[in-house]
Structures are given as structure tokens and as C-alpha cells.
Amino acid sequence: MSYSHFFYQMLKRDLQLAKTQKHELGLPILFFILVLILFPIAVGPEGNLLARLAPSIGWVAVILAILIALPRMFAEDYENGWLEQLFLSGYPGSLIVSARVISFWLLYCVPLVLSSFLVVPFFSFDIQLWWVMLQTLLCGSILMTCLGSVASALLVSSRKGSGVMALLIVPLLIPAIIFASAAQEAASQSLPYTSPLLILFALAIFALTIAPLATAQALKLNLG
């Protein structure tokens with residue numbers, strides 16, 4: 001089987017398995033929506049204040065929701081032995097990890113990023129500014145998935161890895177949050193926001209290039 005066909009089969013398997021685990025896919029989105037509902041109740045009905053807070057709250061809610069899903073990226077396949085069989089198949093570990101990273105991003109991150117549209121009605125947020133936030137979240141979610149794959153691989157054999165994972169990932173997201181805030185601030189003042197957005201995109205591509213290699217090595221260490 002060629003590498004491209006193997007990669008396609010890996011993606012297909014993950015997407016088919018997801019159809020039987022809809023409750024797990026829905027949990028991060030439900031958490032995300034609850035956060036968006038609770039913030040306006042806690043802050044109050046002032047529209048201008050809510051609109052200013054919307055990008056920050058949207059980013060924080062997406063980060064927390066993805067953190068809920070990340071521990072499951074490799075855990076189930078590690079426990080049932082499927083992951084070990086994949087690494088014994090002779091295909092590159094980075095190829096196996098790349099397929100899992102992309103399927104995770106499609107299944108968990110894309111729905112969350114699209115759900116960020118809820119900040120428009122809940123926070124009286126301008127829809128043009130939401131479009132900027134959507135672009136920053138797309139890049140940020142790729143970056144977070146890549147960082148999360150490394151952390152998930154390092155902690156795959158640990159049953160208490162969720163809290164540690166947050167401590168590993170969140171500090172590394174600070175540069176992304178800074179550039180996302182810069183793009184959002186520039187857009188809110190009708191200034192060009194392409195530069196910070198391109199830097200954010202470059203960070204996502206860099207992570208997508210490096211993370212599968214690091215993740216594969218971490219999994220090999222855990223598999224012995």
C-alpha cells in the first residue's frame with residue numbers, strides 16, 4: 001500500500017469511528033457553548049463591554065474546549081494495542097501521527113471554530129470582526145492540535161495527564177494569543193491586520209511540520 005493510500009485509509013478509519021462516538025465529539029462543543037452563555041450572564045448586559053471581551057472569551061473558550069478532547073487523541077488506540085500495530089506496520093511514525101492530527105482537527109477543532117459564530121448574537125459582536133477572529137482561530141487551532149499531539153503522546157501512558165497537559169500547552173500558546181489579539185485590535189480600528197495573521201499562519205505551518213516527528217518519537221518511547 002502506498003503512503004498516500006495508507007494516509008487516506010487512516011483518515012477514513014478515524015472519521016468512521018467518530019460516527020459511533022458522537023457524544024465525545026459533542027462534549028467540547030457543549031462546553032464551549034456553556035462558557036459563551038455564562039460570560040454574558042456574569043458580566044452583564046452592556047453591549048460595548050461584551051463586544052470588547054468577545055475575541056478574548058472566544059479564544060479562551062476554544063482553548064479550554066480543545067483541552068477536554070486532547071487526552072483522547074491516542075489514549076484509546078494505545079490501550080487496545082492498535083497504536084502498537086500501526087508502528088510495527090513499517091510505515092513512518094510521522095505519517096501515522098499526521099493522519100491522526102488532521103482527523104482530530106477536522107473532528108474537534110473545525111466544529112468549535114465554526115461555533116465561535118455564537119459570539120455574534122451573544123456578545124453583540126460585529127460580524128466582520130468575527131470573520132477576523134475565525135481566521136485567527138483556524139490558525140490557532142492547528143497550532144494547538146500540533147502542540148497537543150506532542151503532549152498527548154508524552155502522557156499517553158499516564159492516567160493523570162489532563163492537568164499536566166494544560167500546563168504543557170497553554171504557556172506555548174501565548175505567542176499565538178498575542179498575534180491573534182494584534183490582528184483583532186488592528187481590525188477593530190480598521191487598520192491592516194494581515195501581518196499578525198500571516199505570522200500566526202506561519203506558526204501553524206511550522207508546528208504542523210515539526211510536531212508529527214516529535215509526536216512519533218514520544219509514542220515510540222511509550223511503546224518501548
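Position 1 is the first residue of the sequence, and the numbers go up from there.
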Check residues 200-215 and write down every donor-acceptor pair under 3.5 Å in which the side-chain atom is one partner and the other belongs to a residue at least two apart or another chain.
residue	atom	partner	partner atom	Å
T209	OG1	I205	O	2.8
T215	OG1	S149	OG	2.9
T215	OG1	V150	N	3.4
T215	OG1	A211	O	2.7

Are [X] and [Y] grouped together when hydrophobic residues (ILVMFWY) are joined by side-chain heavy atoms under 4.5 angstrom apart?
{"X": "L17", "Y": "L83", "result": "no"}
{"X": "Y3", "Y": "F87", "result": "yes"}
{"X": "L168", "Y": "V60", "result": "yes"}
{"X": "L30", "Y": "F122", "result": "no"}
{"X": "L34", "Y": "V120", "result": "no"}

Ignoring hydrogens, what is the shortest heavy-atom contact between [X] and [Y]? Give both atom names and the distance.
{"X": "I41", "Y": "I37", "answer": "CG1-O, 3.4 Å"}
{"X": "I29", "Y": "P111", "answer": "CD1-CB, 3.5 Å"}
{"X": "Y193", "Y": "A183", "answer": "CB-O, 3.4 Å"}
{"X": "A54", "Y": "F123", "answer": "CB-CB, 3.8 Å"}
{"X": "V132", "Y": "A187", "answer": "CG2-CB, 3.7 Å"}
{"X": "M165", "Y": "S152", "answer": "CE-CA, 3.5 Å"}

Quick check: do [X] and [Y] have side-chain heavy atoms less than 4.5 Å from each other?
{"X": "F6", "Y": "I96", "result": "yes"}
{"X": "W105", "Y": "M144", "result": "no"}
{"X": "L138", "Y": "I142", "result": "no"}
{"X": "V119", "Y": "I57", "result": "no"}

Report task. Evaluate the criterion side chain to side chain donor-acceptor pair (under 3.5 Å) for residue pair S116 and W59; output intermediate values, then yes/no. Result -> CA-CA 9 Å; S116 69; W59 256 81; over 6 Å; no

Requested in this report: Please check if atom CZ in F104 has more than 12 non-hydrogen atoms from other residues, nucleotides or ligands closer than 6.0 Å.
Outcome: yes

Requested in this report: Decide if atom CD of Q189 counts as having more than 12 heavy atoms of other residues, nucleotides or ligands within a radius under 6.0 Å.
Outcome: yes

Query raised in the report: Taking the side chain from E84 and the backbone from Y78, do they hold a donor-acceptor pair closer than 3.5 Å?
Result: no

Query raised in the report: Taking the side chain from N222 and the backbone from V156, do they hold a donor-acceptor pair closer than 3.5 Å?
Result: no

Between [atom1] on residue [X] and [atom2] on residue [Y], distance to nearest 0.5 Å:
{"X": "F31", "Y": "I66", "atom1": "CZ", "atom2": "CD1", "result": "11.5 Å"}
{"X": "L129", "Y": "E185", "atom1": "CG", "atom2": "CD", "result": "10.0 Å"}
{"X": "L86", "Y": "D77", "atom1": "CG", "atom2": "CG", "result": "7.0 Å"}
{"X": "L114", "Y": "L134", "atom1": "CG", "atom2": "CG", "result": "6.5 Å"}
{"X": "L107", "Y": "K19", "atom1": "CG", "atom2": "NZ", "result": "11.0 Å"}
{"X": "L172", "Y": "C146", "atom1": "CG", "atom2": "SG", "result": "12.5 Å"}

Requested in this report: Show your reasoning for whether side-chain contact (heavy atoms from CB on, under 4.5 Å) applies to Q217 and L221.
Outcome: CA-CA 6 Å; Q217 290 302 316; L221 288 175; 5.7 Å; no

Report task. Please report the C-alpha distance between I63 and I177 in whole Å, then the side-chain angles of each, then the deciding distance to 0.1 Å, and finally whether the side-chain contact (heavy atoms from CB on, under 4.5 Å) criterion is met. Result -> CA-CA 10 Å; I63 290 172; I177 295 173; 4.0 Å; yes

With a cut-off of 3.5 Å and sequence neighbours excluded, list every side-chain donor-acceptor pair involving residues 67-76.
residue	atom	partner	partner atom	Å
R72	NE	E24	OE1	3.4
E76	OE1	Q21	NE2	3.4

Report task. Can you tell me which residue pairs pass the ring-ring contact (aromatic ring centres under 6.0 Å, His included) test with a partner in residues 124-151, sequence neighbours excluded? Result -> F117-W130

